[in-house]
Amino acid sequence: MSAILLAEIYVFVLAMFVGFEVISKVPVVLHTPLMSGTNAIHGIVMLGGVLVLATANTPLLTVLGFVAVVLGAMNLFGGFVVTDRMLEMFKARKPPGKR
Amino acid sequence: MGRAPTLPFLFHAAYLLSAVLFIVGLKFLSSPASARRGNGVAALGMTAAVLTTLVGLWLPGSGFHHHGLILGGIALGAVLGSVGARRVQMTDMPQMVALLNGFGGGSAALISTAEFLHAASAGEAPGATAAVSTMFGCIIGSISFSGSLIAFGKLQGIISEKAILSTAQKAASVLVFVGLLATVAMIAMGGGAPWFLTLLGGSLLFGVLMVIPIGGADMPVVISLLNSFTGLAVAATGFVLSNNALIISGTLVGASGTLLTMLMCKAMNRSLTNVLFAGVGAGAPAAAAAGTPAGAKKNVREVSVEDAAVLLANIHSLIVVPGYGMAVAQAQHAVRELADLLQKKGVEVKYAIHPVAGRMPGHMNVLLAEANVPYDQLFDLDQINPDFEHTDVALVIGANST
């Protein structure tokens, strides 16, 4: 048990550094899509709801799990759609003309 | 559980794959040209994680229940989330992100609560890890949920956007905070379900009290902070459920959100504590002052529309400094048309974008992109500040701090 926990803590700490490192190079132009994109990624919480619901053995737990799944799914799907809509508009200048 | 030792290995491999895809996706997001692909890559990683988990539930003899409810819940959330995200206006994007973020936080809080109740009803005392991570997930998730809803309400105009500061509110915050600490202590000493529900309620209340006093102009910072909160809450649920996919994704978001929040505070010349506790109006004008060094005249002279037209007709370079007021008036298209006309005459047009102009970091960039302004005409403060000296006219539009 403590070996598993230790491995999880390793994962946690290293992921933290990766998070800092990857983000620190994002230009301000993309901060909003980035925020929206990370928002979509934590939609993975839906899977936590799925696991709760899959092991629920009382009506209360079933309700809690179901609501968690619905909220998580809205976060997940809505997040990716919103981000895609934002990024869809980021077009490079048409090669000829302008400036 | 697994019949062959290779089965768990396959699951972990799939989770690892999705974690790698998330990181690659974020990496792609760091350049405008590949950003959209980055979002797609992250979505692919998500698909891998979701499918892996679902396959695990359907394996024969796994002993899981509620398969129908699981699929139904996912479908319901998917429809509500996607339709909402499709319909929302670009100017309303920040409150949409706030809302979705709040849902994620709420989900994490419910998962933590359910896991605590589950353990409590089984009569087993939760181990130290489980206790710490359920409490953490519950507190942070709930704060993110209620805080995001308040942020949504403020941006949507349901709740007053003004910074509401009163001694009563401050006293209440401190009181609730102390109450939360006491509740945590009670749970640590073996307190059961009622105490955990108290923790849930108290954290929800604290989220409200935390965001209520913050003004509309500071909302970008708050949403970014709450975004990282949700990430950490998700990581905590990962510890509760021993699920590495949740730990990695949650932590990535927690770390990046924290960094983003700090960058935004720096751009506003304020500290995070100042944003959270001082309200706006106290030190806020500094933000605007920092953005535009006084290269122009010190005395204000009113110009008529005709004068402005004549002025613009005879220049060689123009810097546009857009504020959120421009977006509220939907003037970004008119601005772009003006810029197009000037560019045809050979005028060099640039846009100076303050990092927190709009209601989210970089929101202004999105709004201008929507009006077909090419992103290589948009510049950060550091890039453009030296240019103001040798630019003929700076056009400041709709910039007033609320």
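Below, chains carry the letters A, B, ... as their sequence lines are ordered, and counting in each starts from 1.
- For Leu76(A), the part lying near chain B is the side chain, with the backbone staying farther off; criterion is any non-hydrogen pair under 4.5 Å.
- To the nearest 0.5 Å, the span separating CG on Asn365(B) from CE on Met86(A) amounts to 11.5 Å.
- Within the 4.5 Å cutoff, the side chain of Ile74(B) has heavy atoms near those of the Phe77(A) side chain.
- Annotation: maximal heavy-atom pairing with chain B below 4.5 Å, among Met74(A), Met46(A), Met16(A), occurs at Met74(A).
- Neither the backbone nor the side chain of Arg37(B) comes within contact range of chain A; no heavy atoms are under 4.5 Å apart.
- No other option in Thr55(A), Leu34(A), Val63(A) has as many heavy-atom pairs under 4.5 Å with chain B as Thr55(A).
- Under the 3.5 Å distance criterion, the side-chain polar atoms of Arg85(A) are matched with a main-chain donor or acceptor of Val88(B).
- In the model, Thr38(A) has a side-chain atom that pairs as donor or acceptor with a side-chain atom of Asn227(B) under 3.5 Å.
- In this structure, Gly48(A) and Leu241(B) approach most closely via the heavy-atom pair CA-CD1, 3.5 Å.
- Here Arg86(B) contributes atom CZ and Asp84(A) contributes atom CG; the two are 7.0 Å apart, rounded to the nearest 0.5 Å.
- The closest side-chain heavy-atom distance from Val253(B) to Asn39(A) is not below 4.5 Å.
- Of the residues considered (Leu368(B), Leu76(B), Ile23(B), Ile70(B)), Ile70(B) shows the highest number of contacts with chain A, using heavy-atom pairs under 4.5 Å.
- Contact between Ala78(B) and Ala73(A) at its shortest, heavy atoms only, is N-CB, 3.9 Å.
- Of all the listed residues (Val50(A), Val18(A), Ile9(A)), the one sharing the greatest number of non-hydrogen pairs under 4.5 Å with chain B is Val50(A).
- With Leu53(A) as the partner, the side-chain contact (heavy atoms from CB on, under 4.5 Å) test is satisfied by one option alone out of Leu69(B), Ile111(B), Leu57(B): Leu69(B).
- Expressed to the nearest 0.5 Å, how far CD of Glu21(A) lies from CG of Leu252(B) amounts to 12.5 Å.
- In the model, Asn57(A) has no side-chain atom that pairs as donor or acceptor with a side-chain atom of His65(B) under 3.5 Å.
- The closest side-chain heavy-atom distance from Phe239(B) to Leu5(A) is below 4.5 Å.
- Rounded to the nearest 0.5 angstrom, Phe103(B) CZ and Asn75(A) CG are separated by 9.0 Å.
- Contact tally against chain A (heavy-atom pairs below 4.5 Å) for Lys344(B), His67(B), Met90(B), Met96(B): the top residue is Met90(B).
- The shortest non-hydrogen separation linking Val45(A) to Gly104(B) is CG1-O, 3.9 Å.
- For the options Ala42(B), Gly238(B), Gly38(B), Gly250(B), heavy-atom pairs under 4.5 Å to chain A are most numerous at Ala42(B).
- Closest of all the heavy-atom pairs between Lys27(B) and Val22(A) is N-CG1, 3.7 Å.
- The shortest distance between side-chain heavy atoms of Met93(B) and Thr32(A) does not fall below 4.5 Å.
- Heavy-atom distances place both the backbone and the side chain of Ser256(B) under 4.5 Å from chain A.
- Using a 4.5 Å cut-off between heavy atoms, Ala19(B) makes no contact with chain A at all.
- Atom OG of Ser249(B) is separated from atom NE2 of His42(A) by 10.5 Å, given to the nearest 0.5 angstrom.
- In terms of non-hydrogen atom pairs under 4.5 Å with chain B, the most contact-rich of Val11(A), Leu47(A), Leu14(A), Val13(A) is Leu47(A).
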Step by step, work out the side-chain contact (heavy atoms from CB on, under 4.5 Å) result for Leu117(B) and Leu64(A). CA-CA 10 Å; Leu117(B) 296 181; Leu64(A) 286 178; 4.0 Å; yes

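- Nearest heavy-atom pair, Leu100(B) versus Gly79(A), reported as atom, atom and distance to 0.1 Å: CD1-N, 3.6 Å.
- Per-residue heavy-atom pair counts under 4.5 Å with chain B were compared for Ala15(A), Ala68(A), Ala54(A), and the maximum is reached by Ala54(A).
- Among the candidates Ala7(A), Gly72(A), Ala56(A), the residue making the largest number of heavy-atom pairs closer than 4.5 Å to chain B is Ala56(A).
- For the atom pair Leu246(B) CG and Leu51(A) CG, the distance stands at 7.5 Å (nearest 0.5 Å).
- Contact tally against chain A (heavy-atom pairs below 4.5 Å) for Gly231(B), Ser18(B), Ala43(B): the top residue is Ala43(B).
- Interface check for chain A: of the options Leu110(B), Val234(B), Leu259(B), the most heavy-atom pairs under 4.5 Å are formed by Leu259(B).
- Checked by atom type and distance alone, the side chain of Asn39(B) pairs as donor or acceptor with a backbone atom of Phe80(A) at under 3.5 Å.
- Nearest heavy atom pair, residue Met46(B) against residue Ile41(A), reads CE-O, 3.3 Å.
- The choice from Leu342(B), Leu80(B), Asn101(B), Leu99(B) that makes the most heavy-atom pairs within less than 4.5 Å of chain A is Asn101(B).
- Interface remark: Val50(B) contributes backbone and side-chain atoms alike to the contact with chain A (heavy atom separation under 4.5 Å).
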